[in-house]
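Remember, predicted model here, so these are calculated numbers, not experimental data. Basis for what follows: all heavy atoms, side chains included, without hydrogens, waters or symmetry-related copies. Numbers for residues simply follow the sequence, beginning at 1.
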Amino acid sequence: MMKENIWHGFRVQITKKKVKNANLRIKPEEPDVIHISIPYSMTYDEVNKILEQPRILRWAENYQKKVSEPPTAPHMQNEERLKYAAYYRKHLKEVLPKMFQKWEKRLGVTCNKVTIRDTRSQWGSCGIRTKNISISLWLGAFPEPCIEYVVVHELAHLLEAGHNARFYGILDQYYPQWRSCREQLKKGLV
């Protein structure tokens with residue numbers, strides 16, 4: 001059973017499922033659609049209350065901004081984009097194993113799996129429970145210190161899940177130049 005409505009310019013698709021809590025997600029291929037799964041016991045009015053939380057609107061708008069353009073060269077034609085993607089993937093496959101080996105040892109953590117994906121919304125992600133780390137292939141366009149920063153950032157999540165004082169303390173201790181790398185990634189390629 002699905003219900004659809006419009007909220008702040010987003011299409012909202014609400015599906016009742018066998019879940020415990022409301023789950024919101026936006027797919028990169030549909031940045032203007034919010035998919036919500038809710039328990040059978042939840043009412044649609046309760047969903048509206050969830051949507052009216054200011055943090056939900058900020059989350060949706062920020063996600064939409066992130067996925068609207070890839071991290072690098074947004075105006076590339078498909079053929080050119082594929083060529084660069086292949087190059088960046090090859091480069092990352094060469095540098096990432098050594099970086100992960102180095103930083104897992106220094107931080108005293110181990111990740112189970114590293115994947116390189118064509119992501120547009122973030123440079124890296126870490127599954128805390130699975131210990132799987134995903135790296136954006138577009139990170140391969142940046143200098144190695146920036147790549148290394150993302151590796152350290154994601155591995156640090158295995159010590160501290162959130163972005164809090166302890167997490168940033170770990171980055172300060174182990175990779176003090178992280179702020180300049182983060183700024184360079186925010187600016188993108190010039």
Side-chain angles (χ1 to χ4, degrees), residues 23-31 35 58-59 62-76 78-190:
N23 299 301
L24 288 77
R25 69 186 182 287
I26 300 174
K27 298 177 181 177
E29 62 272 14
E30 297 177 301
H35 300 271
R58 281 194 308 273
W59 163 77
N62 286 339
Y63 189 88
Q64 194 175 44
K65 280 182 206 169
K66 283 181 181 179
V67 299
S68 63
E69 291 186 359
T72 64
H75 305 295
M76 277 191 239
N78 282 342
E79 190 175 304
E80 186 180 21
R81 185 177 160 81
L82 288 173
K83 181 177 82 174
Y84 280 101
Y87 174 79
Y88 296 151
R89 185 178 302 276
K90 182 177 182 278
H91 176 61
L92 288 173
K93 282 183 176 182
E94 290 170 1
V95 300
L96 286 177
K98 290 176 188 165
M99 287 182 186
F100 272 94
Q101 185 178 23
K102 169 185 170 183
W103 287 103
E104 283 176 325
K105 190 173 185 177
R106 285 190 183 173
L107 293 168
V109 297
T110 305
C111 74
N112 287 330
K113 182 175 160 187
V114 177
T115 56
I116 300 168
R117 295 191 175 147
D118 184 357
T119 57
R120 297 168 184 242
S121 59
Q122 52 195 2
W123 296 113
S125 65
C126 177
I128 305 302
R129 284 187 221 102
T130 61
K131 296 185 179 182
N132 293 338
I133 293 177
S134 178
I135 302 291
S136 172
L137 74 87
W138 301 104
L139 188 59
F142 288 86
E144 287 192 19
C146 291
I147 299 170
E148 195 163 26
Y149 154 65
V150 174
V151 169
V152 175
H153 180 111
E154 299 310 330
L155 286 171
H157 278 304
L158 298 176
L159 297 170
E160 178 56 52
H163 291 113
N164 55 27
R166 180 171 182 257
F167 176 82
Y168 292 114
I170 293 167
L171 289 182
D172 286 336
Q173 180 183 352
Y174 289 96
Y175 206 73
Q177 66 272 36
W178 71 269
R179 285 181 180 85
S180 62
C181 293
R182 182 178 67 177
E183 284 308 306
Q184 190 170 353
L185 290 171
K186 280 184 179 180
K187 288 177 187 171
L189 293 174
V190 183

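The CG atom of Leu137 lies 12.0 Å from the NE2 atom of His91; values are rounded to the nearest 0.5 Å. Atom CG of residue Asn132 and atom SG of residue Cys111 lie 7.5 Å apart, to the nearest 0.5 angstrom. Atom CD1 in Ile135 sits 8.0 Å away from atom CD1 in Ile116 (nearest 0.5 Å).
In this structure, Val150 and Phe142 have side chains that are not in contact, with every pair of non-hydrogen atoms separated by 4.5 Å or more. Contact annotation: the side chain of Leu185 approaches that of Leu139 to within less than 4.5 Å [non-hydrogen atoms, C-beta and beyond]. Leu107 has its side chain within reach of Tyr174: a pair of non-hydrogen atoms, C-beta onward, lies under 4.5 Å apart.
Within the structure, the salt bridge (Lys or Arg N to Asp or Glu O under 4.0 Å) test picks out the following pairs touching residues 169-179 (sequence neighbours left out): Asp172-Arg179. Pairs passing the salt bridge (Lys or Arg N to Asp or Glu O under 4.0 Å) check and including a residue from residues 124-135, sequence neighbours excluded, do not occur. Sorted by first then second residue, the salt bridge (Lys or Arg N to Asp or Glu O under 4.0 Å) pairs that include residues 100-110, not counting sequence neighbours, are Lys102-Glu148.
By the side chain to side chain contact (heavy atoms under 4.5 Å, CB included) test, Thr115 is found to be paired with Lys113, Arg117, Ser134, residues two or more places apart in sequence or in another chain being considered. The side-chain hydrogen bond (donor to acceptor under 3.5 Å, both in side chains) search around Gln173 returns none, not counting sequence neighbours. Under the salt bridge (charged side-chain N to carboxylate O under 4.0 Å, His left out) criterion, Lys93 pairs with no residue at all, not counting sequence neighbours. Applying the side chain to side chain contact (heavy atoms under 4.5 Å, CB included) rule to Pro145 yields the partners Pro143, Tyr175, Cys181; only residues at least two apart in sequence or on another chain are considered. Applying the salt bridge (charged side-chain N to carboxylate O under 4.0 Å, His left out) criterion to Lys98, with sequence neighbours excluded, gives no partner residue.
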For residues 153-170, run the donor-acceptor check on the side chains, cut-off 3.5 Å, and write out each pair with its distance to 0.1 Å, sequence neighbours left out.
| from | atom 1 | to | atom 2 | distance (Å) |
| --- | --- | --- | --- | --- |
| His153 | ND1 | Tyr149 | OH | 3.3 |
| His153 | NE2 | His157 | NE2 | 3.3 |
| His153 | NE2 | His163 | NE2 | 3.1 |
| Glu154 | OE1 | Cys126 | N | 3.3 |
| His157 | ND1 | Glu160 | O | 3.3 |
| His157 | ND1 | Ala161 | O | 2.9 |
| His157 | NE2 | His163 | NE2 | 3.2 |
| Glu160 | OE1 | Arg166 | NH1 | 3.0 |
| Glu160 | OE2 | Asn164 | ND2 | 2.8 |
| Asn164 | OD1 | Arg166 | N | 3.2 |
| Asn164 | OD1 | Phe167 | N | 2.9 |
| Arg166 | NH1 | Leu159 | O | 2.6 |

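Across Ser136 and Thr119, no two heavy atoms sit closer than the pair CB-OG1, 3.1 Å.
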List the steps, then state whether side chain to side chain contact (heavy atoms under 4.5 Å, CB included) holds for Val152 with Trp178. CA-CA 9 Å; Val152 175; Trp178 71 269; over 6 Å; no
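With a 6.0 Å radius and a threshold of 12 heavy atoms from other residues, nucleotides or ligands, Glu183 has its CD atom above the threshold.
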